[in-house]
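Note that the structure is predicted; figures quoted are calculated from it, not measured. Per chain, numbering begins at 1; letters A, B, ... match sequence-line order.
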Number of protein chains: 2
Amino acid sequence: MPRPAKPGQKKIRYAVVGLGHIAQVAVLPAFAHAENSELAALISDDPEKLEKLGRRYKVKARFSYDQFEECLTSGEVDAVYIALPNHLHREYTERAARAGVHVLCEKPLAVTEEDCLAMIQVCEENGVKLMVAYRLHFEEANLKAIELVQGGKLGDPRLFDSVFTMQVKEGDIRLNPRELGGGPLYDIGVYCINAVRNLYGAEPMEVMAFSANNGERRFQQCEEMTTAILRFPGRERLASFTCSFNGADVGTYRIVGTEGELVMDPAYEYAEALTQRVTINGRTRERTFPKRDQFAPELISFSECILTGAAPEPSGWEGYADVRVIRALYRSTEIGQPVALPPFTKEDRPSLAQEIRRPAVRKPALVKTEAPSE
Amino acid sequence: MPRPAKPGQKKIRYAVVGLGHIAQVAVLPAFAHAENSELAALISDDPEKLEKLGRRYKVKARFSYDQFEECLTSGEVDAVYIALPNHLHREYTERAARAGVHVLCEKPLAVTEEDCLAMIQVCEENGVKLMVAYRLHFEEANLKAIELVQGGKLGDPRLFDSVFTMQVKEGDIRLNPRELGGGPLYDIGVYCINAVRNLYGAEPMEVMAFSANNGERRFQQCEEMTTAILRFPGRERLASFTCSFNGADVGTYRIVGTEGELVMDPAYEYAEALTQRVTINGRTRERTFPKRDQFAPELISFSECILTGAAPEPSGWEGYADVRVIRALYRSTEIGQPVALPPFTKEDRPSLAQEIRRPAVRKPALVKTEAPSE
């Protein structure tokens, strides 16, 4: 039972589920730039957030989590944007899908591969679309990097190396136990994994990781940091990255080919300009890409898919592809050995064709939420 | 039977053993800036190198390898600078030590821990001094990095990440089999290991590595590249690096602390200026250190030790400390598992106090040798 848009419908109406930091600073403001998308409902258990944000964005439809089905069946929403803690992604996706509502879900798609597969299946069976909110799949600098690498500008790409670190404050949801999707691999390691998978256009076959913990109280339930090595098939490419919740703000990657190097620094930011430095035959060209709205493009792309019936990309399988690597890395830290990954193929890869540019949003005043780091 | 300098002796007389690329571009020219050191003899099996370089540097004492003992006992040399392939370091060190001649040996000190220990022992038993040619132990930017990190400027240092890659041409001695000390870990990985050991002021307790090989003929006898993770004790610091003989020229490291980040890029070069970028609380300060002669300082420091009777640093133990890590990393690639290292302590660490500045040398014309890369 596919759920097409209504004939003549021009805008997809979204309920934003969860009104934490990312929803407030990025998702809600993005609707101003997403011409085919409309912010139609807000869902939170905090009446003050509902009231203040509802007023700010002129959204009358406001629901608690208990009223989620009421929202879904109200006839006022076509899609949900799930900005909940990682361990709730599956449940809210299933509830939405069963009500015939399309799902745009924050990354990581879920905590386990099983969860991911269940989400893909339930959306398929209920004829709703599922997209994972990989904002960098629409971002110029990261897409240009993929094009450049895939186009052979660096020669044969041989190694990828990334560092993504931030200081996460005690009490932040990112410090949840691993079973709830807490820890740096789920939250920021996923960016490194997603970047290298798409730069190489391939899936890792073997991974290894060391986690570390300095013993601080913040890190009682999840590790402080993880360093990972990934081996890719074919002519044996390697990748490594470190992600940490106890480091100064760094978010950068470097890919070295037989003939050149590409550095993105910062690489993963949405609140700053991104800089790309390419060195080929000893000649360096540096280019800065201005800060832009990276969330409106997700809404625009997903809404377009719903309106036209096209398949969303990044799909649920893209989310699954990263989660299975995260899980293999954690397994490796548990057993103290490398972990082999079963073969997996993903044909659709991000390319410059899907770039969408919208101007940066201004950071709005926060309502009862705070940034994960100082 | 200690071998002090002769009373009144002002200059230590060196035989340079091996006249390959590094000897020609760096060691021989460095004597012009090493006021307490004199180039007294040349040793090579190539008559043309002996003749041309002997004339260029006005060195009359020229010997083949077979005549090494003749050179050692000629009374014309106090020390040797060993710039031979890695697997010959031990033998030539032993021969020099037994003749009462001091040894300044290129890094890595040797191929195995056993070799390193034998070299340390033979030098001790014969009362000659042994130093390993870690040029960056006298270099301002790298020493400043150590001081800054040890001084707590980055907060608590948590992770180190380095990439060191170059293109090594087929036929180069660096592509020797591992048993002869070939491969990127011995040749350039040693820089990454040495850097992080001294930035942390600690020795790794557990290591893991993945090697890769794209199957090119160049890499029939040694791996193309290796990515390593090192775990350090105490509050569990991590380090990772990738070294490759099949990448564009990159040589950089980054150390991330709880409050800041330090990037050296390039970090390990001797033929270029080095750049250090420090970011603390979001404020970045970048400083470039001009290209200098990094080899004269080694000669000056070692000669000073011989003249005064002081203990050389970097000592043989410093060389051993790196080789045992290299060997554990190779063991890890062989068994496909992490490898634990036995406890090891090194008290003397490089500091700014040992910085020595001399102007850069000009690259001389090469005699029957070539750079390892294009």
Shortest non-hydrogen contact between Pro338(A) and Gln337(B), atoms and distance: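 Smallest heavy-atom distance, with atoms named: CD-CA, 4.4 Å.
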If you count heavy atoms of other groups shown closer than 6.0 angstrom to [atom1] of [X], is the number above 12?
{"X": "Lys169(B)", "atom1": "NZ", "value": "yes"}
{"X": "Glu370(A)", "atom1": "CD", "value": "no"}
{"X": "Arg178(A)", "atom1": "CZ", "value": "yes"}

Part of residues 237-268 of chain A lying next to chain B, heavy-atom separation under 4.5 Å: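 Result: Arg237(A), Leu238(A), Ser240(A), Thr242(A), Ser244(A), Asn246(A), Gly247(A), Ala248(A), Val250(A), Thr252(A), Arg254(A), Val256(A), Gly257(A), Thr258(A), Glu259(A), Gly260(A), Glu261(A), Asp265(A).
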Close contacts, residues 143-164 of chain A versus chain B, judged by heavy atoms under 4.5 Å: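 Residues Arg158(A), Leu159(A), Asp161(A), Val163(A) are the ones that qualify, each having a heavy atom under 4.5 Å from chain B.
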Part of Glu206(B) within contact of chain A (heavy atom distance under 4.5 Å):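 Glu206(B) touches chain A through backbone and side-chain heavy atoms alike.
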Any donor-acceptor pair under 3.5 Å from Glu236(B) side chain to Asn214(A) backbone: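 No, the answer is negative, given that no donor and acceptor are paired below the 3.5 Å cut-off.
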Among the listed options Ser211(A), Ala209(A), Ser332(A), the residue most often paired with chain B at heavy-atom distances under 4.5 Å: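 Between Ser211(A), Ala209(A), Ser332(A), the count favours Ser211(A).
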